[in-house]
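Heads up, the thing below is written out as structure tokens.
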Number of protein chains: 2
Amino acid sequence: MQLNQATDYSFRIVLYLSSLAPGEIATAKTIAQREEIPMRYLLKTIRSLVKAGIVRSYRGMEGGFALAKNPKDITLLDVVEAVEGPVRINRCLKDHEYCTKHWVKPCPVHRVLGGIQATLIRELGGHNFADLLAR
Amino acid sequence: MQLNQATDYSFRIVLYLSSLAPGEIATAKTIAQREEIPMRYLLKTIRSLVKAGIVRSYRGMEGGFALAKNPKDITLLDVVEAVEGPVRINRCLKDHEYCTKHWVKPCPVHRVLGGIQATLIRELGGHNFADLLAR
DNA sequence: GCAAACTATACCGTTAGAGTATAGATTAAT
DNA sequence: ATTAATCTATACTCTAACGGTATAGTTTGC
């Protein structure tokens with residue numbers, strides 16, 4: 001029931017990139033040092049953000065990373081899903097095989113957890129990085 | 001970001017025990033069969049519920065398990081915490097070592113996640129097993 | 001005292017998490 | 001064209017957690 005380390009790093013990566021001037025790009029090395037993330041691990045982790053279209057990468061000399069869109073349009077949920085995949089707080093909400101034992105309809109546990117998950121998703125989706133930076 | 005299998009089993013164990021007549025007790029075998037939980041695993045898992053004061057156990061012949069209190073007074077949160085310990089959606093909310101890199105005050109990520117965690121805890125604590133059963 | 005139940009430990013196999021390593025591709029500057 | 005800085009791809013390692021099983025022990029009712 002915990003976001004993993006890569007997700008936490010990713011929050012900080014995106015937050016840092018959000019603080020850059022428009023057009024400015026940062027190297028992996030810079031980000032790693034600033035945010036105290038192991039360099040190699042950052043390089044691996046940031047790939048998910050690139051693939052998800054949150055971060056843009058520039059190769060070669062003078063290369064680096066920058067946000068692919070406005071911080072206002074990136075939410076915590078976007079980052080979580082980029083790194084960990086869809087938010088599912090219980091197995092039975094992922095694989096239906098796991099649920100509905102001897103209940104004809106979805107069991108009460110299932111339904112209530114579904115509601116809680118929806119709330120969680122709504123909350124994560126309700127915070128963008130422009131707001132975060134402003135606080 | 002997912003509740004584990006033991007927690008899910010525990011929800012169903014408590015839900016089943018909630019459905020029993022007052023004073024009635026169920027053996028591990030019965031619960032295991034009804035809820036399709038591996039017997040040995042159930043015996044191990046249910047210990048957390050006993051230790052947390054959610055379930056009472058009766059040893060010896062005619063022994064078994066029953067709720068230690070009214071279903072109305074047991075929430076999803078109680079069960080989650082009994083099995084997994086305190087809810088912490090991010091490392092930085094558990095060990096402060098992990099947070100506050102070069103921020104003087106707690107970083108914005110920290111603060112927002114703290115709020116989301118509080119919501120989650122409130123939601124989990126807002127559903128008791130009497131309600132669940134009634135649905 | 002025996003059998004049916006729970007209790008306590010410890011063990012096992014698999015998977016995910018966190019991080020490292022190595023080789024390759026791209027680009028700018030020279 | 002060469003070189004050096006940079007990202008990309010893949011694969012590897014180590015550890016801990018997860019999910020489950022096993023064995024031996026204790027309690028209790030008959």
Side-chain angles (χ1 to χ4, degrees), chain A residues 1-13 17 24-33 35-52 54-68 80 83-85 88-92 94-95 97-98, chain B residues 1-13 17 24-33 35-52 54-68 80 83-85 88-92 94-95 97-98:
Chain A
M1 199 53 185
Q2 199 174 293
L3 296 164
N4 61 32
Q5 187 66 11
T7 303
D8 187 54
Y9 285 158
S10 296
F11 287 153
R12 295 167 204 286
I13 292 168
L17 294 179
E24 190 178 355
I25 75 181
T27 64
K29 196 174 167 193
T30 304
I31 305 173
Q33 285 172 351
E35 298 301 326
E36 300 178 30
I37 301 171
M39 168 78 165
R40 302 326 281 267
Y41 194 53
L42 177 142
L43 281 166
K44 183 166 78 168
T45 300
I46 205 170
R47 301 260 72 234
S48 322
L49 300 175
V50 172
K51 282 177 186 156
I54 295 170
V55 167
R56 261 205 73 175
S57 68
Y58 301 86
R59 307 180 65 172
M61 264 183 105
E62 309 281 283
F65 300 91
L67 290 188
V80 171
V83 180
E84 305 192 7
R88 293 292 136 80
I89 65 172
N90 193 307
R91 284 234 271 244
C92 74
K94 184 174 357 181
D95 292 311
E97 292 304 309
Y98 284 110
Chain B
M1 200 52 184
Q2 199 174 293
L3 297 165
N4 61 31
Q5 187 65 13
T7 303
D8 187 53
Y9 285 158
S10 296
F11 286 152
R12 295 168 203 285
I13 291 168
L17 294 178
E24 191 178 354
I25 75 181
T27 64
K29 197 175 166 193
T30 304
I31 305 172
Q33 285 172 350
E35 298 301 327
E36 299 178 29
I37 302 171
M39 169 78 167
R40 302 324 283 262
Y41 194 54
L42 178 143
L43 281 166
K44 183 165 79 170
T45 300
I46 205 170
R47 300 261 71 233
S48 321
L49 301 175
V50 173
K51 282 177 186 155
I54 294 170
V55 167
R56 259 205 74 176
S57 68
Y58 301 86
R59 306 181 63 172
M61 266 184 102
E62 308 283 285
F65 299 92
L67 291 187
V80 171
V83 179
E84 305 192 7
R88 292 293 137 76
I89 65 171
N90 193 306
R91 278 228 260 226
C92 74
K94 184 173 2 181
D95 292 310
E97 292 305 310
Y98 285 109

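Fair warning: this is a prediction, and the values are worked out from it, not measured in the lab. For the numbers below, each heavy atom of this structure counts, side chains included, while hydrogens, waters and symmetry mates do not.
Legend: residues meeting side-chain contact (heavy atoms from CB on, under 4.5 Å) with A68(A), ordered by chain and number and at least two apart, are R56(A). Under the side-chain contact (heavy atoms from CB on, under 4.5 Å) criterion, A28(A) pairs with M39(A), L42(A), L43(A), F65(A), not counting sequence neighbours. Remark: Y41(A) engages Y9(A) in a ring-ring contact (aromatic ring centres under 6.0 Å, His included) (not counting sequence neighbours). Evaluation of the side chain to side chain donor-acceptor pair (under 3.5 Å) rule for S57(A) yields no partner, not counting sequence neighbours. Residues forming a side chain to side chain donor-acceptor pair (under 3.5 Å) with T45(B) (at least two apart in sequence, or on another chain): none. Annotation: side-chain contact (heavy atoms from CB on, under 4.5 Å) contacts of E24(B) (sequence neighbours excluded): L20(B), A21(B).
Counting all heavy atoms, side chain and backbone alike, T27(B) lies closest to G63(B) at CG2-O, 3.6 Å. Between R91(A) and Q2(B), the shortest heavy-atom contact is CG-NE2, 3.3 Å.
Listed pair Y9(A) / dA18(C) fails the phosphate criterion, with no side-chain N or O lying under 4.0 Å from OP1 or OP2. Distances shown here put a side-chain N or O of R47(A) below 4.0 Å from the OP1 or OP2 atom of dA9(D). Phosphate proximity of dT7(C) to S57(B): present, with a side-chain N or O under 4.0 Å from OP1 or OP2.
One end of the helix from dG1(C)-dC30(D) to dT30(C)-dA1(D) points its axis 0° away from the other end's axis, with each axis taken from 5 pairs and the angle rounded to 10°.
With values rounded to the nearest 0.5 angstrom, D8(B) atom CG is found 10.0 Å from I13(B) atom CD1.
Spacing between atom CG of N90(A) and atom P of dC18(D) amounts to 14 Å, rounded to whole angstrom units. Atom CD in Q2(B) sits about 14 Å away from atom C1' in dG19(D), given to the nearest Å. Put simply, NZ on K29(A) is 15 Å from P on dA4(D), counting in whole angstrom units. Distance, M1(B) CE to dG17(C) P: 13 Å, rounded to whole Å. Between R91(A) atom CZ and dA17(D) atom C1' there is a gap of 13 Å when expressed in whole angstrom units. When the C1' atom of dT6(D) is taken as reference, atom CZ of R56(A) falls 15 Å away, rounded to whole Å. The distance from atom CG of D8(B) to atom P of dC18(D) is 14 Å, rounded to the nearest whole Å. For the pair I25(B) CD1 and dG29(D) C1', the computed distance is 12 Å after rounding to whole Å.
For residues 37-46 of chain B, proximity to DNA chain D is found at P38(B), R40(B), Y41(B), K44(B), defined as any non-hydrogen atom under 4.0 angstrom from a strand atom.
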Show each protein N/O and nucleotides 27-30 of chain C N/O combination with a separation under 3.5 Å, one pair to a line.
residue, atom, partner, partner atom, Å
dT27(C), O2, M61(A), N, 3.1

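At least one side-chain heavy atom of N4(B) sits under 4.5 Å from a side-chain heavy atom of V83(B). Within the 4.5 Å cutoff, the side chain of T7(B) has no heavy atoms near those of the N90(A) side chain.
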